[in-house]
Protein chains: 2
Amino acid sequence: MSTSEIYRTLPEQIAAQLRQEVLSSKLKPGDPLREVDLSERFGVSRGPVREAFRQLTQQGLLVLEPNKGVRVAQNPSVEVRPLVVRLRRTIETFVLKSIFERITADDVSYWEDILADIKAACESNDVDALTEHDLRFHQAIIRSHDDKDLFALWQPIAMRMMMHYNRLDDIMDSYREHKRILDAIRAGDKTAALDALETNIQ
Amino acid sequence: MSTSEIYRTLPEQIAAQLRQEVLSSKLKPGDPLREVDLSERFGVSRGPVREAFRQLTQQGLLVLEPNKGVRVAQNPSVEVRPLVVRLRRTIETFVLKSIFERITADDVSYWEDILADIKAACESNDVDALTEHDLRFHQAIIRSHDDKDLFALWQPIAMRMMMHYNRLDDIMDSYREHKRILDAIRAGDKTAALDALETNIQ
DNA sequence: GGATTGCAGATTGTCAACAATGGACACTTG
DNA sequence: CAAGTGTCCATTGTTGACAATCTGCAATCC
């Protein structure tokens, strides 16, 4: 992980690593994951690996079949993708509307740090890092809401959007879109912020 | 379980039982669940119980804190509940719209069976059974879509709505609402069916 | 020849023992 | 007496052994 986030438990560390590999297409849809392989690779027993599988299944990145193990999930079909976009927009705009008046300078400063990471990833053309920081940006917004359950609601939807997907011709657009969101927030322009957010989610 | 559904794995059976107890408020928000207690109760080791905990966590019924175990989740806050309603409506109307032209006689016949269960539950004033069959009804609709991933997307949202909640003054209303959905489907009236579905989800 | 059965290896499912963690409460210390 | 420290116990986290299940392939039968 390029971020120095602290994962408290063994399964979380394993899940974080595997998530990164799925989102970066190092692991492709349909690829099987073997418990023993991974337990040897991470130097743990099969228990924590199974637990990590469970977390990633919940996030929609892996699919589990009893007695047959887990595989990397397929991308949402072309038919379902617009639904996922709509769901994610619904949640994120709900949260932004809800917290808008209570956004603190600390919040903005934290989001700016992430924006800087996004900018760096764009400039060095590092798609994997961009995916990671893009996710962190939106995650940070969701997490600033009081109701922590919103994150659990949002995560599986957002993950399904981030899987093996790249809609941008110019990678720098990602930076511009996120900057536009943050600029509008800083200016206190709620309508513009919501519009910028919706534009970014597609 | 009053239905004779077949659960293939041990964890699924345990999860089904616990889910029923959470949805029927036998287990209340904040109640802790102990691995050893449940493993003794179900006559298995702690492994399958942990696995069941993971499934229910993913569905939003339980909340997991590392090194501290799981508790029954809180109801969605009054602020978040409208969002959950909107998300569930979005998914279910999307599915109904999408499958409408391809609904078979077998589908309708199966849904009628569930409607009969709903009617029976209403008439005998059995709220727990009603919750179960209400869930089965909507689940059946979601599952008739080709994209099986939709169910995974829908479930955590629907579960959050079903937790310890009863919006109806007259329990028979539930039967009437579901009957109205099915009548509209039988009549081939898509608009009416979608409207009836939205009315039922609140 | 094509379908069915039976085996063998690989893989997941379950278990019970042991390790690590966290919280309560008594104890020391200033 | 208040703040901090240590110990114990309940509980979860991790492990490795063993059981059950699935998959592919070869032998058998019609």
Side-chain angles (χ1 to χ4, degrees), chain A residues 1 5-19 21-22 26-74 148-149 152, chain B residues 1 5-19 21-22 26-74 148-149 152:
Chain A
M1 302 291 294
E5 268 180 278
I6 292 153
Y7 293 94
R8 297 176 59 205
T9 70
L10 227 34
E12 271 172 42
Q13 294 173 42
I14 297 168
Q17 177 62 34
L18 293 177
R19 176 168 45 241
E21 292 179 16
V22 172
K26 205 161 162 183
L27 290 167
K28 293 180 187 58
D31 282 358
L33 274 66
R34 301 288 166 220
E35 295 179 358
V36 277
D37 292 352
L38 291 167
S39 63
E40 281 164 17
R41 173 176 158 200
F42 291 107
V44 298
S45 75
R46 283 167 54 216
V49 173
R50 289 170 72 98
E51 174 64 26
F53 282 179
R54 178 56 59 196
Q55 292 181 21
L56 296 170
T57 299
Q58 148 182 25
Q59 294 166 18
L61 298 179
L62 303 181
V63 172
L64 189 148
E65 284 173 289
N67 286 310
K68 293 169 84 174
V70 300
R71 293 176 172 279
V72 177
Q74 300 295 325
K148 297 309 171 194
D149 196 38
Chain B
M1 301 290 295
E5 268 180 280
I6 292 154
Y7 293 93
R8 298 177 56 204
T9 71
L10 227 34
E12 271 174 41
Q13 293 173 41
I14 297 167
Q17 177 62 34
L18 293 178
R19 177 169 44 242
E21 292 180 15
V22 171
K26 205 162 161 181
L27 290 167
K28 294 179 187 57
D31 282 357
L33 275 66
R34 301 289 165 218
E35 294 180 358
V36 276
D37 292 352
L38 291 167
S39 64
E40 282 165 14
R41 172 176 158 198
F42 290 107
V44 297
S45 75
R46 284 168 52 216
V49 174
R50 287 172 74 97
E51 178 65 22
F53 282 179
R54 293 334 180 265
Q55 293 182 20
L56 295 170
T57 300
Q58 140 183 37
Q59 294 167 17
L61 298 179
L62 303 181
V63 172
L64 188 148
E65 284 173 291
N67 286 309
K68 293 168 82 173
V70 299
R71 295 177 170 277
V72 177
Q74 300 294 326
K148 297 309 171 193
D149 196 38

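Computed from a predicted structure; not experimentally measured. Here is how names work: the chains are called A, B, and so on, in the same order as the sequence lines, proteins then strands, and each is numbered from 1. Scope of the values below: all heavy atoms of this structure, side chains included, with no hydrogens, waters or symmetry mates.
- Atom CZ in B:F53 sits roughly 12 Å away from atom P in D:dT11 (whole-Å rounding).
- Residue contacts for A:L64: at a heavy-atom cut-off of 4.0 Å it reaches no nucleic acid atom on any strand shown.
- Out of C:dG22, C:dC15, C:dT12, the shortest distance to the side chain of B:N67 is found at C:dG22.
- Within the nucleic acid shown, B:R46 comes within 4.0 Å of at least one base atom, counting heavy atoms only.
- Counting heavy atoms from C-beta outward, A:F53 and A:I14 have side chains that stay 4.5 Å or more apart.
- Atom CZ of B:F42 and atom P of C:dT14 are 14 Å apart (whole Å).
- When distances run from any side-chain atom of B:P48 to the nucleotides D:dG13, C:dC15, D:dT14, the shortest one goes to C:dC15.
- For the pair A:D37 CG and C:dA10 C1', the interatomic distance rounds to 11 Å; values are reported in whole Å.
- Tested against A:V22, the residues A:L61, A:L56, A:L33 include a single side-chain contact (heavy atoms from CB on, under 4.5 Å) partner, A:L61.
- Among D:dT14, D:dG13, D:dT11, the nucleotide with an atom closest to any side-chain atom of A:S45 is D:dT14.
- As judged by a 4.0 angstrom heavy-atom cut-off over every strand, A:G69 is placed among residues touching the sugar-phosphate backbone only.
- Taking atom CD on A:Q13 and atom P on D:dT14, their separation rounds to 9 Å, with Å as the unit.
- The interatomic distance linking A:Q55 (CD) with D:dG13 (P) rounds to 11 Å, in whole Å.
- Taking 4.0 angstrom as the limit, A:K68 places a side-chain polar atom (N or O) nearer than this to OP1 or OP2 of D:dT23.
- Taking only side-chain nitrogens and oxygens, B:R50 comes nearer than 4.0 Å to OP1 or OP2 of D:dG13.
- Distance A:E35 CD to C:dT11 C1': 8 Å, rounded to the nearest Å.
- Spacing between atom CD of A:E65 and atom P of C:dT11 amounts to 15 Å, rounded to whole angstrom units.
- A salt bridge does not link B:K148 to A:E65: none of the charged nitrogens lies less than 4.0 Å from a carboxylate oxygen.
- At whole-Å resolution of the value, CD in B:E40 and P in D:dT11 are 11 Å apart.
- Comparing B:L33 and A:P66 by the nucleotide of DNA chain D whose heavy atom lies nearest to each, the residue mapping closer to the 5' end is B:L33.
- A heavy-atom distance below 4.5 Å is found between the side chains of B:F42 and B:Q17.
- Across A:Q58, A:E51, A:Q55, a single residue satisfies side-chain hydrogen bond (donor to acceptor under 3.5 Å, both in side chains) together with B:R54, and that is A:E51.
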